[in-house]
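Reading through the structure tokens given below for one structure.
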Amino acid sequence: MATTTHTNTEAAHGADHAAEAVGMPQLDFSSFPNQIFWLIVTLVAIYLVLSRVALPRIASVLAERQGTITKDIARAEELKQAAVDAEAAYNKALADARSEAQEIIAAAKADIQKELDAAVAVADAEISAKAAESEKAITAIRDSAMTSVTDVANDIAKDIVSAVSTAKIDAKSLKAAVSSRLKG
Amino acid sequence: MASEAAAPSGLQIHPMDQFVVHPLFGDGPIHWYTPTNASLWMLLTVVAVVLLLVIGTRGRAIVPSRSQSIAEMAYGFIYKMVEDVAGKDAVGYFPYIMTLFMFIVMANFLGLIPMSFATTSHIAVTAIMAMAVFLFVTLLGIFKHGFGFLHLFWIGSAPLILRPILALIEVISYFVRPVSHSIRLAGNMMAGHAVIKVFAGFAGVLGVGAVAPIAAITAVYALETLVAFIQAYVFAILTCVYLKDALHPHH
């Protein structure tokens, strides 16, 4: 603090001798017209530069940027809507495809069932036909076997009878006896 | 402090020498047209303004470069200030306020360059700007509102007895405006630069001990950088306040 005071008094002292050396150059009125003139020149120059070039340019750049931002936001909004729409369409397509697939599966199942049923019916018919045929064959075989048995029994009975007795063999009664035996 | 002991004898500190206006060429008397160091640094503010606001924005980019960003920020800052403080109908005066602000802020920052000349530390400069604002605003108020402008001094919401007293105070404060408006800026600039110079004088004679004044210079310089912007801001915002009073004199 003491220093500053000292410097100031020294400065004030010095101002007496030389106006240019120390003191407050701010209060040296001889320089005022000069400063005022050049200040006015400067301010007018800055004003002209600002109002003619700089400010309109910056204003247009800011407006353009604002416009671009607004447009971009609108576009983003649009794209977002499009994306939502696309998603909805995709989901719808997916659901459609799913239900169609279900239909196709059901139809295929029904077709297969029908074919299967038909095949089963054909097979059943074949089986029953074969079974009937077999049965017939078995019956025929059994019948022929029966006849053979009767013949064999008749032959054997004739042989047995001729072996044990010398009596004349009555073919008719022998046959009747054998067949009654076979039935019984 | 050691510096205080060292200061008195033989130490020659001339903190005010930096403010002396002298002719750039020769050593003659200073006429109004003489190119001086003051005019040089004023014209450099024009160069700085052109560099920032014209050359800096020549790209007109949607995504701005650094200099264009700063220019746009300055524009937006002052534009918003005018709009918020002085009202929407005051944006027509935006170029004038922008001119004042750009000149002061550039002059303040250029004045911080060592060995430069701080034009805004001169009362002649700030007083002319303050008087210009004062006269412009007063004439604008009278032109726009005629007698109604006197409502600025006649406060309708106050009790009737108090009104004359308040009117007197208001009138005085109104006419003190250009004084405070100009001295605030010039005083701040002058004081900061002088303090830096005083510390620099100490640093010159202290040898190794100069670390302390150099640290002080650094601190004051940082403060002055802040002050350089704040004073330009204050000058501009006060201009806006005065403009608002002229456009809307009713309290």
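All chains are named by letter (A, B, ...) in the order of the sequence lines, taking the proteins before the strands, and each is independently numbered beginning at 1.
Interface remark: B/Ala194 contributes no atoms to any contact with chain A (heavy atom separation under 4.5 Å). Contacts between B/Tyr79 and chain A at a heavy-atom distance below 4.5 Å are absent for every atom of the residue. For A/Ser30, the part lying near chain B is the backbone, with the side chain staying farther off; criterion is any non-hydrogen pair under 4.5 Å. Looking at A/Leu39, both its backbone and its side chain come within 4.5 Å of chain B, counting heavy atoms on both sides. Interface remark: B/Ala71 contributes backbone and side-chain atoms alike to the contact with chain A (heavy atom separation under 4.5 Å). Heavy atoms of B/Val49 lying under 4.5 Å from chain A belong exclusively to its side chain. There is no contact between B/Gln18 and chain A, counting heavy-atom distances below 4.5 Å. For A/Leu43, the parts sitting under 4.5 Å from any heavy atom of chain B are the backbone and the side chain alike.
With rounding to the nearest 0.5 angstrom, the CD1 atom of B/Ile62 is 3.5 Å from the OG1 atom of A/Thr68. Between the CZ atom of B/Phe103 and the CG atom of A/Leu50 there is a distance of 12.5 Å, given to the nearest 0.5 Å. One finds the CZ atom of B/Arg58 at 9.0 Å from the CZ atom of A/Arg57 (value rounded to the nearest 0.5 Å). B/Ile30 contributes atom CD1, which lies 8.5 Å from atom CD of A/Gln35 (distance to the nearest 0.5 angstrom). Here NE2 of B/His122 is found 9.0 Å from CG of A/Asp28. Values are rounded to the nearest 0.5 Å. Rounded to the nearest 0.5 angstrom, B/Met42 CE and A/Phe37 CZ are separated by 11.0 Å.
With respect to chain A, the highest number of heavy-atom pairs below 4.5 Å among B/Ala127, B/Pro29, B/Pro64 belongs to B/Pro64. Comparing B/Val50, B/Ile123, B/Thr57 by how many heavy-atom pairs each has under 4.5 Å with chain A, the most go to B/Thr57.
Closest non-hydrogen pair, B/Val54 versus A/Ala54, comes out as CG2-CB, 4.1 Å. In plain terms, the two heavy atoms of B/Met16 and A/Pro25 that are nearest each other are O-CG, 3.3 Å.
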(Q) What verdict does the side chain to side chain contact (heavy atoms under 4.5 Å, CB included) test give for B/Met190 and A/Met24, after you've listed the backbone C-alpha separation in whole Å, the side-chain angles of each residue and the deciding distance to 0.1 Å? (A) CA-CA 10 Å; B/Met190 187 182 75; A/Met24 285 257 289; 3.6 Å; yes

Q: Test side chain to side chain contact (heavy atoms under 4.5 Å, CB included) on B/Leu43 and A/Trp38 and set out the steps.
A: CA-CA 8 Å; B/Leu43 293 180; A/Trp38 286 104; 4.1 Å; yes

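With a 6.0 Å radius and a threshold of 12 heavy atoms from other residues, nucleotides or ligands, B/Tyr233 has its OH atom at or below the threshold. Within a 6.0 Å radius of CZ in B/Phe229, other residues, nucleotides and ligands contribute more than 12 heavy atoms. Other residues, nucleotides and ligands place no more than 12 heavy atoms under 6.0 Å from the OH atom of B/Tyr96.
A 4.5 Å side-chain heavy-atom check between A/Ile58 and B/Leu53 finds at least one atom pair inside the cut-off.
With salt bridges taken as basic N to acidic carboxylate O contacts below 4.0 Å, one links B/Glu72 and A/Arg65.
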